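What you see below is based on every heavy atom in this structure, not just the backbone, and it leaves out hydrogens, waters and symmetry mates. Convention: sequence-line order gives letters A, B, ...; per-chain numbering from 1. All of these numbers come straight from a predicted model, not from anything done at the bench.
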Amino acid sequence: MSLLVTDILKGALDNCRKKGLLEVKEIPPVLLERPKKDEFGDYATNFAMIIASKENIPPRRVADIIAGAIETGDIVRKVEVAGPGFINLFMNKIYWIRMLRDAVSKGEMYGKTDTGKGKKVLIEFISANPTGPLHIGHARGAVFGDTMANILEAVGFDVTREFYINDAGSQVKNLNESIFLKRKEERGEAVKWDENHYRGEYIARLAAGVDNIKGEGAEEIGEYALGEILNWIKRDLNDFNVRFDNWFSERGLYKTGKVDKLLDELRLKGFIEERDGAVWFRSIEFGDDKNRVVKRESGEPTYFASDIAYHYDKYERGFDSLINIWGADHHGYMPRIMAVVQALGHDKDSLRVVLVQMVTILRDGKPVTMSKRAGEYITLRDVLDEVGSDAMRFFFMMRKSDAQMEFDLELAKKQAPENPAFYVQYAHARINSIIEYAEEKSLELSGIRDADLNRLELKEEFDIIRFITLFPEIIGDAAQSLDPHRITFYLQELAGLFHSYYNRNRIVSDDIQLTKARLYLCSSIKVVLNNGLTLLGVSAPKKM
RNA sequence: GCGCCCAUAGCUCAGUUGGAUAGAGCAUCUGACUACGAAUCAGAAGGUCGGGGGUUCGAAUCCCUCUGGGCGCGCCA
């Protein structure tokens, strides 16, 4: 809707050009800001300053000329030039009331746009080895990926969520061995564990289950264990409200011969070389600091080899925009995968890799230690059972992906205002309760659609409306910069505005018309809280 | 040694991609319920944006450098 405002500015600029007041060879994109301070208006733009620097005219003068060409009336109340050359627009009440009606009438659709134009996007996340339960680091990636996918869908992309199952390679072999060893150990035989083996308690669980399967060959046990673990993973994710459209098997790439096919293709393009008995991909040609092995001396392909085929397959399926979400410890892998993208003939911007940083779990204010060697790590399931999906998801979305985070178990569990997840959900429940109260109290209130919104006149009411109108922009920003945490912060602020408004003002009163208008405003807040929480995969409870 | 990420209030963190006087929450003090959910709100206090240079009308934001922390640097995944 702020498009309307950009149109006004563009129109003014056009006028200046026609009248010969400004030359303006090229119109810069009009970036609208929402100033924090009231004195700077409802919308502000700095584009007069941008033009000025290109045309060599003092910025204030350019701003004055453009400002003079902006028509005031129903929509724009006042135009001011301020500071070094900002153009500040002050909007009329009628404009805000229209925006408010727009939000409420759109309901669940409010905030959604079609800027993505149905473009196909593949978002790959978690992609854990199916050699054990998901841990807390996976949980952060899971929330990030799922939320990001929700956001991209909201702005009109055709999103596919994919889990790449690393069910080939040596890790799986290690898993099988671990189960074998565990069984031996339980029979009282002496066994020798090495650092490649998995030692978590779930190995015992798997070992115990082996008795129930047919055959005890390595293959049968491997199949059984992978299937079992994958089921755990799926169940955890389901309870965590994380959805996938596709589970893509690494082994499938070998079965269909795609890995060899791709290596041949790259060989034809001259990106493959043989050295020291191994086969290498010349990633160095695309800025990697060394070439990478795709086939070992033993003839076995590496993980990287199948990953090449995997990414080729993504493009082949018609996705021209790929997003990979990785744990930050994989950052060293990035140059080689970017090299693959380019070697396959794609623009390097077509793949965006988001590195999600590490998580430290705090209990009683102290970090919980994990020992990979002893197989001790905190699983997604542990935390899910302890704090619940809503708080867990909300907490993970309170940090930007590239910052390490601390996850405070006690805080997440607290049913109190210092728990931000609770605070936002509470605002939603509270509004719901007020609306119910009003409906019970008076039948006349049943329809708030025809409320006379001119009855809204408090500054804080219009602050809320302005903030509501920000929502679509926030989603757009989050989508563009792959920063889902912006939604979380926005919701906290909106909840705060509401709580404050509620405490200062009576919503339901004897003044029926005013009550209706205020309920209308509250319902808009409810719409946005609901839509925002839904994007985060967090419930918007009517009661708590 | 090389590379990536981080450093903002006592603590945990935002900061709309270079804008105007740097913001929240928690913790700490002081206040507010015989009316719609006090699971809430109002107020106070809290800062050399890690240090130092540079780029320009303008820097927490971009560049260089130093310091401190995390993570990588395999014919593992």
By the rule that syn is within 90° of 0, classify the base conformation of B:C36 as syn or anti.
anti
Please tell me if A:Y423 has a side-chain N or O lying less than 4.0 Å from either OP1 or OP2 of B:C26.
no
Span that lies between the C1' atom of B:C26 and that of B:U21, in whole angstrom
25 Å
So, OP1 or OP2 of B:C71: does either fall under 4.0 Å of a side-chain N or O from A:Y333?
no
Does A:R504 have a side-chain nitrogen or oxygen under 4.0 Å from the phosphate oxygens OP1 or OP2 of B:A32?
no
In 5'-to-3' order, the base (B), backbone-only (S) or no-contact (-) status of each nucleotide in nucleotides 54-59 of chain B, using a 4.0 angstrom heavy-atom cut-off, is ------
Any side-chain N or O of A:T515 less than 4.0 Å from the OP1 or OP2 oxygen of B:C36?
no
With 3.5 Å as the limit, what N/O pairs link the protein to nucleotides 73-75 of chain B?
unit_1: B:C73; atom_1: O2'; unit_2: A:K290; atom_2: NZ; d: 3.3
unit_1: B:C75; atom_1: O2; unit_2: A:E297; atom_2: N; d: 2.8
unit_1: B:C75; atom_1: N4; unit_2: A:D276; atom_2: O; d: 2.9

Review item, nucleotides 45-47 of chain B N/O atoms under 3.5 Å of protein N/O:
none

Between A:H485 and B:G15, is there a side-chain N or O to OP1/OP2 distance below 4.0 Å?
yes
A:K400 vs B:G15: side-chain N/O to OP1/OP2 distance below 4.0 Å
yes
Can you label the angle between the A:H485 ring and the A:F489 ring as parallel, tilted or perpendicular, going by 30° and 60°?
perpendicular
Both distances below 3.5 Å, Watson-Crick or wobble geometry, any strand: find the nucleotide opposite B:C2.
B:G72
Is the A:F86 to A:F40 ring centre distance short of 6.0 Å?
no
Could you tell me how the ring of A:F395 sits relative to the ring of A:F407: parallel (under 30°), tilted (30 to 60°) or perpendicular (over 60°)?
tilted
Taking the six-membered ring for Trp, are A:F396 and A:F144 closer than 6.0 Å centroid to centroid?
no
